[in-house]
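For reference, the structure discussed in these notes is given below.
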Amino acid sequence: MRVYLETFGCQMNELDSELVRGQLSALGYRFVETDADAQVVLYNTCSVRELAEQKALSRVGTVGVRKRAGEDLILGVLGCMAERDGVDLLRRHPQVDLLCGPSDLDRLPQLIDNVRRARAASQADEAPAAPRPRAVALAGNRSRRSSTLAAAEDGLESLDLSRAFDPSARETPWSAYVRITRGCNKFCTYCVVPHTRGAEVHRPPEHIVDECRRLADSGALEITLLGQTVNHYRYTHGTAVTVDGRAAPQVGPGLRAFREAPAPGTTSFADLLFRIHEAVPSVARLRFVTSYPRDFGADVLQVMRDCPRICRYLHAPAQSGSDAVLARMNRGYTVGEYEEFVARVFDHLPDATLAGDLIVGFPGETDADFEATCGLVRRLPFKNNFIFKYSPRPGTVAIDRFADDVPDEVKRWRNNALLAVQSETSARVHAAWVGRTVDVLFDGARAHAAAPARTAGAVAVRVGGREVDGPEGRAAGRWQAVGRTMGDLIVAADMADEAAANELRGSVRRVRVDASRPLLLAGKLVPGQ
Ligand code: SAH
Ligand code: SF4
Ligand code: F3S
């Protein structure tokens, strides 16, 4: 069977798609590049904002047109939108044959198989009036109720464990994601993730370290550890719960646990980072996302300082620069506490880079609240922030408790105004690197139209392999290799031609930075490496 799989949303979803691909490939399914050739079309969806859902739904609509025209396809909706919308989605989109939430992806082969068999049977019976077979696997509230035991029985762990370590299974063979925590317990009032991904569950450190080792053996130079609040990783040893004699995943300890130092016999996030760093000397870069600005202990900063291959990069979303808004968001910290956290980071790691996310137009956000967010972006050295307009999500506390009272044009205006402030901050952060020499992990190539300092700012550099721009630059034969520093700053280095630029993909080289733009450093390879 030929399968087309398209992914929307975050890195967690990208990893899920990689695991789904590995699992179905092992069963003989073949993956194709376009949906036109596919017999099974799968969309791994995101629900975090309405726009993310609309993108996936427009694909679902297109497949519906094909199915009504008589094409015999299986259409599956996977991921967070399947979980959030549930069977309502089946009612509104009858062309969808299967739904599979993020906590049930280990059951996907079974679901596809059920739909295939039932369809074959109903065709054999020649019973056109029979209802079309559909298959559904959703967690519903199950994962929220999960006890330690339920977490242990979590079939998802087997999906992570059965991962294919073949480098060609990864979009960029030199770079890999490793999940350390699933789900989230924070319940920020705007956010759908705790509802779609379920309760926070931590994977056993042995499983994680083993996975990192095997990825290193398969050529991974960069490993990114994933968790919604990655620094809340904590695993207690010596509990009786095992699965087939192996350690089992555990539900999170709750926020209160972070007021005290980890008890003896627990693996904290700092311990885990250190263990991985020591276990995989061939991995040049160990990084992690997303950091929760609270409970980010000095122990983690110390490990980052002591371990040269841990990236001094923090993606730690502030979300807002106003205490009143942060309280309504239930973020659990004040602006002052966020600033203290950032001060502590730079105290330990003067070379660190900081990035984050911000939401504009949260219910009740006044001009003064918004101005406070601009102030935060002016004061702190954010290399970049992803800026989002608040989008009310069904099932969240905010949609029930607060009217979405900031008009869309005001949200749009604030979004643009904040982007402009961020752009100034980004320019300052990047300019500070001019004249320095940095290690760059190259992963793309692009043609550029003129001298880098003139063109670079305007170009959407897509890191991850494929980005190339500008017919003008291609005609002139000007090429740059593109990659990232340890601190996730994008760097473009001038190269003789396209082949030379592509050849650097997947390698770490030194670059002397000689120019900067708000989102880019430009420079030249240090010769003789
Ligand atoms: N776990 C991460 C973020 C996961 S969602 C964290 O806590 O930081 C990624 C980002 O989407 C969030 O940081 C937030 O900025 C944004 N986001 C989440 N829900 C949103 C909503 N309803 N409207 C607009 N932006 C939202
Ligand atoms: Fe969502 Fe908050 Fe959890 Fe992040 S920490 S996933 S924003 S609920
Ligand atoms: Fe989206 Fe789910 Fe990730 S809602 S951001 S795909 S956790």
Side-chain angles (χ1 to χ4, degrees), residues 6-17 43-56 77-85 101-103 105 139 143-144 177 179-200 226-233 252 255 288-296 314-321 325-326 328-333 338 341 354-363 365 373 384-402 404 406 408 411 414-415 418:
E6 188 170 338
T7 309
F8 303 83
C10 63
Q11 289 130 323
M12 211 52 102
N13 254 18
E14 286 172 32
L15 174 57
D16 283 342
S17 286
Y43 296 123
N44 192 8
T45 59
C46 173
S47 210
V48 79
R49 283 169 292 278
E50 194 184 345
L51 197 66
E53 291 200 349
Q54 280 165 359
K55 278 193 210 154
V77 176
L78 324 179
C80 290
M81 184 173 75
E83 187 64 49
R84 190 197 66 70
D85 215 0
S103 307
L105 288 172
S143 62
R144 285 250 74 90
Y177 294 124
R179 192 185 333 262
I180 67 168
T181 300
R182 298 187 237 293
C184 181
N185 283 350
K186 305 299 166 298
F187 287 100
C188 304
T189 53
Y190 50 83
C191 184
V192 83
V193 174
H195 308 275
T196 61
R197 297 252 168 197
E200 191 175 283
L226 299 183
Q228 296 297 347
T229 57
V230 77
N231 44 311
H232 273 175
Y233 179 86
L255 286 176
F288 51 87
V289 285
T290 302
S291 296
Y292 180 58
R294 235 183 63 181
D295 312 320
F296 200 101
L314 290 180
H315 186 101
Q319 308 297 3
S320 170
V325 174
L326 286 174
R328 282 201 298 281
M329 288 177 164
N330 190 32
R331 280 295 281 181
Y333 53 83
Y338 186 87
F341 151 73
L354 174 71
D357 304 338
L358 295 163
I359 296 177
V360 295
F362 190 76
E365 186 186 68
T373 302
N384 74 294
N385 264 298
F386 296 106
I387 298 169
F388 304 109
K389 292 185 294 172
Y390 169 66
S391 165
R393 307 309 297 134
T396 59
V397 167
I399 199 172
D400 289 336
R401 196 177 290 169
F402 311 118
D404 180 20
V406 179
D408 198 51
K411 286 183 187 165
R414 288 181 184 168
N415 192 353
L418 191 53

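For ligands, and for the atoms within them, numbers begin at 1 and follow the listed sequence. Predicted model, so just to flag it, every value in this text is computed and none were measured.
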Who's the nearest protein heavy-atom neighbour of [atom], and how far?
| atom | result |
| --- | --- |
| atom 1 (Fe) of ligand 2 | C191 SG, 2.3 Å |
| atom 9 (C) of ligand 1 | D357 OD2, 3.8 Å |
| atom 2 (Fe) of ligand 2 | C188 SG, 2.3 Å |
| atom 5 (S) of ligand 1 | V48 CG2, 3.9 Å |
| atom 7 (S) of ligand 2 | Y190 OH, 3.4 Å |
| atom 4 (Fe) of ligand 2 | R331 NH1, 4.2 Å |

Checklist line | Geometric N/O contact R49 with ligand 1, under 3.5 angstrom | finding: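 Checking ligand 1 against R49, an N or O pair does fall under 3.5 Å apart.
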Note to self: Does any N or O of ligand 1 fall below 3.5 Å from an N or O anywhere on R331, backbone included?
What the structure shows: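 Checking ligand 1 against R331, an N or O pair does fall under 3.5 Å apart.
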Quick one: does [X] get within less than 4.0 Å of ligand 1, heavy atoms only?
| X | answer |
| --- | --- |
| M12 | no |
| T229 | no |
| H315 | no |

[X] contact mode with ligand 1 (heavy-atom cut-off under 4.0 Å):
| X | result |
| --- | --- |
| S391 | both |
| Q228 | both |
| I359 | side chain |
| Y190 | both |
| K389 | backbone |

Notebook entry, point to check: Under 3.5 Å, is there a donor-acceptor pair between the H232 and N185 side chains?
Noted result: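 Not at all, the side chains of H232 and N185 share no donor-acceptor pair under 3.5 Å.
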Margin query: Which of the numbered atoms in ligand 1 are under 4.0 angstrom from any heavy atom belonging to T290?
Written below: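 Heavy-atom distances to T290 below 4.0 Å select 2 (C), 6 (C), 8 (O).
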Checklist line | Where ligand 1 meets P317 - atom numbers and elements under 4.0 angstrom, heavy-atom basis | finding: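 Answer for ligand 1: 8 (O).
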Check: Does C184 bring an N, O or S atom to within less than 2.8 Å of atom 3 (Fe) of ligand 2?
Finding: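 Yes, within the cut-off.
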Next item on the list: Would you mind running through ligand 2 and noting each atom that sits below 4.0 Å from a heavy atom of V193?
Entry: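 What qualifies from ligand 2 is 6 (S).
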Notebook entry, point to check: Do you see an N/O/S atom of C80, backbone or side chain, under 2.8 Å from atom 2 (Fe) of ligand 3?
Noted result: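 True for C80.
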Next item on the list: Would you please determine whether F187 falls within less than 4.0 Å of ligand 2 on a heavy-atom basis?
Entry: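 Distance cut 4.0 Å: F187 passes for ligand 2.
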